[in-house]
Chemist: 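Following this message is one structure expressed as structure tokens.
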Amino acid sequence: QVQLVESGGGLVQAGDSLRLSCAASGRMFSSYTMGWFRQAPGKEREFVAGIPWSGSNRYYADSVKGRFTISRDNAKNTMYLQMDSLKPEDTAVYYCAARLHYTVTYQPSAYNYWGQGTQVTVSS
């Protein structure tokens, strides 16, 4: 089992950058595929980025490709999301998630563990 805690959200202006962190407890962090999701008011939770346990590949939603970068440090049990060139439409609660499987999936239901979320607000 793993517990996840996000941090790094905040209020920024369009064009600014933020880096989100997801700290995981438990000894098996390096075995988990990790993902970032977001949910805006009145919308469904959507996939943002994903990274397998090895970090060898990275997957992004089309809406963030080229602006966001996902990474992980298994020695620190931490995953990151570097968000650059932020837009007002990026405003949402951002969640990190983990699944004990070696492939990244875009489906939230496939992830077993979730953090509590961190708010990101981008003003125009």
Side-chain angles (χ1 to χ4, degrees):
Q1 188 170 348
V2 63
Q3 293 182 328
L4 306 172
V5 179
E6 303 96 335
S7 61
L11 171 63
V12 297
Q13 293 186 333
D16 286 350
S17 298
L18 276 176
R19 189 174 83 154
L20 304 183
S21 297
C22 173
S25 64
R27 296 179 296 172
M28 294 183 65
F29 175 78
S30 61
S31 301
Y32 286 88
T33 287
M34 301 295 296
W36 286 102
F37 290 78
R38 67 186 182 186
Q39 188 166 18
K43 295 187 176 181
E44 294 186 351
R45 192 167 298 189
E46 65 174 1
F47 175 84
V48 175
I51 187 168
W53 67 271
S54 64
S56 58
N57 296 300
R58 302 171 188 188
Y59 303 84
Y60 299 96
D62 288 343
S63 59
V64 306
K65 203 171 293 183
R67 299 188 298 121
F68 290 11
T69 303
I70 188 172
S71 62
R72 66 189 295 166
D73 185 338
N74 289 340
K76 295 183 178 180
N77 279 14
T78 304
M79 176 179 65
Y80 305 97
L81 185 67
Q82 177 65 41
M83 305 187 294
D84 299 320
S85 302
L86 282 161
K87 303 176 181 180
E89 50 264 44
D90 295 319
T91 295
V93 177
Y94 283 71
Y95 299 89
C96 67
R99 66 189 298 250
L100 193 57
H101 199 278
Y102 51 81
T103 60
V104 172
T105 176
Y106 289 31
Q107 296 298 323
S109 60
Y111 290 77
N112 307 103
Y113 304 104
W114 292 85
Q116 83 288 349
T118 186
Q119 176 71 47
V120 172
T121 304
V122 184
S123 63
S124 58

Chemist: Start with the C-alpha gap between E6 and Q116, add the side-chain angles, then the distance that decides, and say whether side-chain contact (heavy atoms from CB on, under 4.5 Å) holds.
Modeler: CA-CA 7 Å; E6 303 96 335; Q116 83 288 349; 2.9 Å; yes
Chemist: When hydrophobic residues are tied together by side-chain contacts of less than 4.5 Å, even through go-betweens, does F37 share a cluster with L4?
Modeler: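 In one cluster with F37: L4, no.
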Chemist: With heavy-atom distances below 4.5 Å as the criterion, would you say the side chains of V48 and Y60 are in contact?
Modeler: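 Answer no - side chains too far apart.
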Chemist: Looking only at heavy atoms, what is the nearest atom pair of V122 and T91, with distance?
Modeler: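 In this case the closest contact between V122 and T91 is N-OG1, 2.9 Å.
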Chemist: Looking at N74 and W53, would you say the former's side chain and the latter's main chain have a donor-acceptor pair under 3.5 Å?
Modeler: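 Yes, because the side chain of N74 sits within donor-acceptor range (under 3.5 Å) of the backbone of W53.
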Chemist: Passes side-chain contact (heavy atoms from CB on, under 4.5 Å), R45 versus W114? Steps please.
Modeler: CA-CA 12 Å; R45 192 167 298 189; W114 292 85; 3.3 Å; yes
Chemist: Does T118 form a side-chain contact (heavy atoms from CB on, under 4.5 Å) with Y95? I'd like the steps, not just the answer.
Modeler: CA-CA 7 Å; T118 186; Y95 299 89; over 6 Å; no
Chemist: Taking the side chain as every heavy atom from C-beta outward, state whether Q13 and L86 have any pair of such atoms under 4.5 Å apart.
Modeler: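 Sidechains of L86 and Q13: no contact.
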Chemist: Side chains of Q1 and M28, heavy atoms from C-beta outward: is any pair under 4.5 Å?
Modeler: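 In short, these two side chains do not touch, never coming nearer than 4.5 Å.
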Chemist: D62: which residues meet the side chain to side chain donor-acceptor pair (under 3.5 Å) condition with it, sequence neighbours left out?
Modeler: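 Here the qualifying residues are K65.
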Chemist: Closest approach of R38 and A92, non-hydrogen atoms and distance?
Modeler: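 Distance-wise, the nearest heavy atoms are CB-CB, 3.8 Å.
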Chemist: Restricting to non-hydrogen atoms, name the atom on S124 and the atom on A14 that form the minimum distance, rounded to 0.1 Å.
Modeler: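 Closest approach of S124 to A14: CA-CB, 4.4 Å.
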Chemist: Just so I know, are the side chains of V120 and L18 near enough to count as touching, which here means a heavy-atom distance under 4.5 Å?
Modeler: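 V120 reaches L18 side chain to side chain.
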Chemist: Taking a hydrophobic cluster as the set of Ile, Leu, Val, Met, Phe, Trp and Tyr residues connected by side-chain heavy atoms closer than 4.5 Å, whether directly or through intermediates, do M34 and L100 fall within one such cluster?
Modeler: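 Yes, one cluster joins them.
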Chemist: Mind checking whether L20 and Y113 sit in one hydrophobic cluster, side chains of I, L, V, M, F, W, Y counted as touching below 4.5 Å?
Modeler: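 Shared cluster, yes.
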Chemist: Any side-chain donor paired with an acceptor under 3.5 Å for R99 and Y111?
Modeler: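 No - no donor-acceptor pair under 3.5 Å links their side chains.
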Chemist: If I compare all heavy atoms of T105 with all of A110, which pair ends up nearest, and what's the gap?
Modeler: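 Taking every non-hydrogen atom into account, CG2-CB, 3.3 Å.
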Chemist: Please test N77 against S25 for side-chain contact (heavy atoms from CB on, under 4.5 Å), starting from the C-alpha separation and ending with a verdict.
Modeler: CA-CA 7 Å; N77 279 14; S25 64; over 6 Å; no
Chemist: So, for T78 and S21, which heavy atoms are closest and what is the spacing to 0.1 Å?
Modeler: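 Scanning both residues, the minimum pair turns out to be CG2-CB, 4.4 Å.
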Chemist: Taking the side chain as every heavy atom from C-beta outward, state whether W36 and C22 have any pair of such atoms under 4.5 Å apart.
Modeler: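 Yes; the side chains approach each other to less than 4.5 Å.
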Chemist: Cation over ring, R72 on Y80, under 6.0 Å and within 45°?
Modeler: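 The answer is no, since R72 fails at least one limit relative to Y80.
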Chemist: Atom CG in D90, atom CE in M83: separation rounded to 0.5 Å?
Modeler: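 Reported to 0.5 Å precision, the distance equals 7.5 Å.
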Chemist: If we only count heavy atoms from C-beta on, is the P52 to Y102 side-chain gap below 4.5 Å?
Modeler: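 They are not in side-chain contact.
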Chemist: Please say whether more than 12 non-hydrogen atoms of neighbouring residues, nucleotides or ligands are located less than 6.0 Å from OH in Y106.
Modeler: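 Counting other residues, nucleotides and ligands, OH of Y106 exceeds 12 neighbours.
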Chemist: Does the T33 side chain pair with the main chain of H101, one donor and one acceptor, at a distance under 3.5 Å?
Modeler: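 Looks like yes, one N/O pair under 3.5 Å.
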Chemist: Does the side chain of V2 come within less than 4.5 Å of Y32's, by heavy atoms?
Modeler: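 Heavy-atom side-chain distance check passes, below 4.5 Å.
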Chemist: If you measure only the distance, is there a donor-acceptor pair under 3.5 Å linking the side chains of D84 and S17?
Modeler: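 Their side chains do contain a donor-acceptor pair, which is all the 3.5 Å distance test asks for.
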Chemist: Heavy atoms, side chains only, cut-off 4.5 Å: are M79 and I51 in contact?
Modeler: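 With C-beta onward as the side chain, the pair touches.
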Chemist: Are there more than 12 heavy atoms of other residues, nucleotides or ligands under 6.0 Å from atom CD of Q119?
Modeler: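 More than 12 within 6.0 Å, yes.
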Chemist: Would a hydrophobic clustering, with Ile, Leu, Val, Met, Phe, Trp and Tyr connected at side-chain separations under 4.5 Å, put Y59 with L81?
Modeler: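 Y59 and L81: separate clusters.
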